Amino acid sequence: MEYSGCSAQGQTLGWTCQGWRSRCSSQALRKRFPILQWLPKYSVQWLQLDVLAGLTVGLTVVPQGLAYAEVAGLPVQYGLYSSFMGGFIYCLLGTSKDITLGPTAIMSLLVSFYTFSDPSYAVLLTFLSGCIQLAMGLLHLGFLLEFISYPVIKGFTLAASLTIGFSQVKNLLGLHDIPQQFVLQVYQTFRKVGESRVGDASLGFICLVLLLGLTWMKSRMPRPYRGMPIWLRLCHLIVWITATARNALVVVAAGLVAYSFQVMGSQPFILTGKTAQGLPCFQLPPFSEVTPNGTISFSQMVQDMGAGLAVVPLMGLLESIAIAKAFASQNNYRIDPNQELLAIGLTNLAGSFVSSYPVTGSFGRTAVNSQTGVRTTAGGLITGALVLLSLAYLTPLFYYIPKTALAAVIICAVAPMFDITIFRTLWRVKKMDLVPLCFTFLLCFWEVQYGIIAGVIVSGILVLYPVARPQIKTTYRECLVVQPQSGLSFLAIEHIRETIHQGALAGLLPRPVVLDCSHVNSIDYTVVAGIRDLLKEFHSKGVKFTFSAIQAPILQVLLSADLKGFHHFASLEDAERASQEELADTEKPLLQNANEWQPPFAQMIQ
């Protein structure tokens, strides 16, 4: 009977363990595939909002994709090749309901810089960036992005917006033979401004005015309220749709104008021209490239891209996660940064098989998605499907899109990124943060990676300086009391030693020292070695050196080091009292000897 009971109990325990393992595996699966969390409770109301948001974002991403391909220096269809995979992958793996992945102005600029306007390099960079981002997600390395401070990001964003915006002036004015390097680009643009084409310049400025007017109109629209008349609500909806889909409407209108001139036998605009028709082929990324001068090997392509293999994936992750966190905070939900790394990495990895260039989160399209009321990441499916339909059926019409209209779309898209008020804000809040911002901003005009690296280094120096020069409170009584206000590291030991030397040993009479460690919560071996040297020096001069109020972990480290002459007290008062008593004991013999000593002439008188 006992055996039977034990068997039944063991069987019950086995079922419990199996149920626990099943729940754990289910939770792990739900964590890796967030779609499993919201799909069981999906409703018709959510579907309506997701479809509306997906269509609205799709009307934005198609013209922007065409325009950003121009920034990347690639044929316009590559902008659409890069616009649909993010919606499908992120729907399965993403943790932010609002964010949309696709081509962006900053990422397009980086692609142009590191891939030399070569589609093969761009697609290979997408594949390698996806591998790096995916590896970072699997290894939970998202914390590395925290080493890039906000001033560095703002400095890069300011430089990028200015570079991207000005690079489109040549298309806006219809200028030719303008170099890519920013300084030369500015010089040549102003030098050749007299060669502007009247047709392109006129249409471009009209497009700019329309886009700015529709943007202003949307920002001033009153919110619909309960009891609003139906006709007024309908007008509100029409204006909202027009303002939201302004990019698509302006591009379509400009294309119709260009087509009308083409039919009449004249063409005053520079057109996008013929683009590849149909959907992209599903194929391996190009691991080598055949050119008229020979075959470029994989290793040579990687070497040519250089720092882009680090800058592109890191900036892509940084931009996307920053946007996701901002909208998660605004809409009261949380995201998983490491899961976001997996989603972005897999998007780029899969996108490289359909000729995509590197993508990331788009702030503008994410804002549109959120404002439209999207409920889940399923909105990305609608956006992706709309892009695929455009590729399948509308590519012949892209021929008639004037480049000046795409330039106007890009300029209006990057204009909000040039937030010059950040200089005034940092000057008011913390002036030192202007240093990494300015370093990044200025050097990004020379080389993007140099600007980012310089900003990170300067930010690191500003962070490390207080560690190397910690605040130290010194009090002069019968003894010198030294109170570090923070932890001690190898960077600070020389500063501590110099402070103690100047306060205790620099004068004619050495002064006892009490090192108050009440605020010290960390220490390393270099500091221990420095303390050992101080103890030896003070012992050789016959001067007392004691410690007070040492926290338990720090005390354990110091005791383990077996420091000769190490004395510590529970409180500062006890340490000062002990130093004063020893000082008094030391002075008594000196005073006695002074009283007994008589000058020679006194002895002669006696």
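Every value quoted in this text rests on a predicted model; they were computed, and no experiment measured them.
- Under a cut-off of 6.0 angstrom, the local environment of CZ in F363 is sparse, with at most 12 non-hydrogen atoms contributed by other residues, nucleotides or ligands.
- Judged by distance alone, the side chains of T376 and D50 do bring a donor and an acceptor atom under 3.5 Å apart.
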- [ ] Assess whether side chain to side chain contact (heavy atoms under 4.5 Å, CB included) is satisfied between L162 and F182, documenting all intermediate values.
- [x] CA-CA 10 Å; L162 196 59; F182 181 75; 4.3 Å; yes
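- Not one N or O on the side chain of R469 forms a donor-acceptor pair closer than 3.5 Å with the backbone of P466.
- In terms of heavy atoms, A67 sits closest to I410 at O-CD1, 3.0 Å.
- In this structure, F445 places its CZ atom where more than 12 heavy-atom neighbours from other residues, nucleotides or ligands lie under 6.0 Å away.
- No more than 12 heavy atoms of other residues, nucleotides or ligands shown are found within 6.0 angstrom of OH on Y150.
- A distance-only check finds no donor-acceptor pair linking the side chain of T157 to the backbone of M417 [under 3.5 Å].
- Listed here is the closest heavy atom pair of M301 and P286: CE-O, 4.0 Å.
- The backbone N or O of E319 sits nowhere less than 3.5 Å from a side-chain atom of T360 that would complete a donor-acceptor pair.
- Contact between I452 and M315 at its shortest, heavy atoms only, is CD1-SD, 3.8 Å.
- Under the 3.5 Å distance criterion, the side-chain polar atoms of T126 are matched with a main-chain donor or acceptor of A122.
- Remark: F116 CZ is packed, more than 12 non-hydrogen atoms of other residues, nucleotides or ligands lying under 6.0 Å away.
- Here the closest non-hydrogen pair linking G65 and P103 is CA-CG, 4.2 Å.
- Under the salt bridge (charged side-chain N to carboxylate O under 4.0 Å, His left out) criterion, R375 pairs with no residue at all, not counting sequence neighbours.
- A centroid separation of 6.0 Å or more is found between the aromatic rings of Y81 and Y357.
- The aromatic rings of F441 and F423 sit perpendicular, their planes meeting at an angle over 60°, well past the 30° parallel limit.
- Around OH of Y121, the count of heavy atoms belonging to other residues, nucleotides or ligands within 6.0 Å exceeds 12.
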Quick one: side chains of residues 204-211, donor-acceptor pairs under 3.5 Å with protein atoms, not counting sequence neighbours, listed by atom name and distance.
none

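- Judged by distance alone, the side chain of T272 and the main-chain N or O of I401 form a donor-acceptor pair under 3.5 Å.
- Among residues two or more places apart in sequence or in another chain, the side-chain contact (heavy atoms from CB on, under 4.5 Å) test is passed with L128 by L124, F298, V302, M305, L309.
- Between the side chain of S196 and the backbone N or O of V193, at least one donor-acceptor pair lies under 3.5 Å.
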TODO: Run the numbers on V311 and L110 for side chain to side chain contact (heavy atoms under 4.5 Å, CB included), then give the verdict.
DONE: CA-CA 8 Å; V311 174; L110 294 175; 4.2 Å; yes
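- Between the side chains of S356 and N348, no donor-acceptor pair of N or O atoms lies under 3.5 Å.
- Residues E340 and T95 bring a donor and an acceptor atom of their side chains to less than 3.5 Å of each other.
- Of the options N247, V251, V71, N171, a side chain to side chain contact (heavy atoms under 4.5 Å, CB included) to L406 is made by V251 and by none of the others.
- Heavy-atom neighbours of K218 NZ from other residues, nucleotides or ligands within 6.0 Å: above the threshold of 12.
- The shortest non-hydrogen separation linking R32 to L93 is O-CD2, 3.3 Å.
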TODO: Please lay out, stage by stage, how D419 and T421 fare under the test side-chain hydrogen bond (donor to acceptor under 3.5 Å, both in side chains).
DONE: CA-CA 5 Å; D419 181 17; T421 58; 2.4 Å; yes
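- Although no hydrogens or angles enter the test, the distance criterion places no donor-acceptor pair under 3.5 Å between the side chain of Q77 and the main chain of T275.
- Side-chain atoms of D98 do not come within 3.5 Å of backbone N or O of V374 as any donor-acceptor pair.
- Within a 6.0 Å radius of CZ in F287, other residues, nucleotides and ligands contribute more than 12 heavy atoms.
- Distance alone, capped at 3.5 Å, places no donor-acceptor pair between the S320 side chain and the G316 backbone.
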Open item on the list: For Y333 and S96: C-alpha separation, side-chain torsions, deciding distance, then whether side-chain hydrogen bond (donor to acceptor under 3.5 Å, both in side chains) applies.
Closed with: CA-CA 8 Å; Y333 63 90; S96 169; 2.9 Å; yes
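- Distance CD1/I321 to CG/D336: 9.5 Å, rounded to 0.5 Å.
- When all heavy atoms of W216 and S219 are compared, the pair lying nearest together is O-OG, 2.8 Å.
- Formation of a donor-acceptor pair under 3.5 Å by the S112 side chain with backbone atoms of S108 is not found in this model.
- With a 6.0 Å radius and a threshold of 12 heavy atoms from other residues, nucleotides or ligands, F88 has its CZ atom above the threshold.
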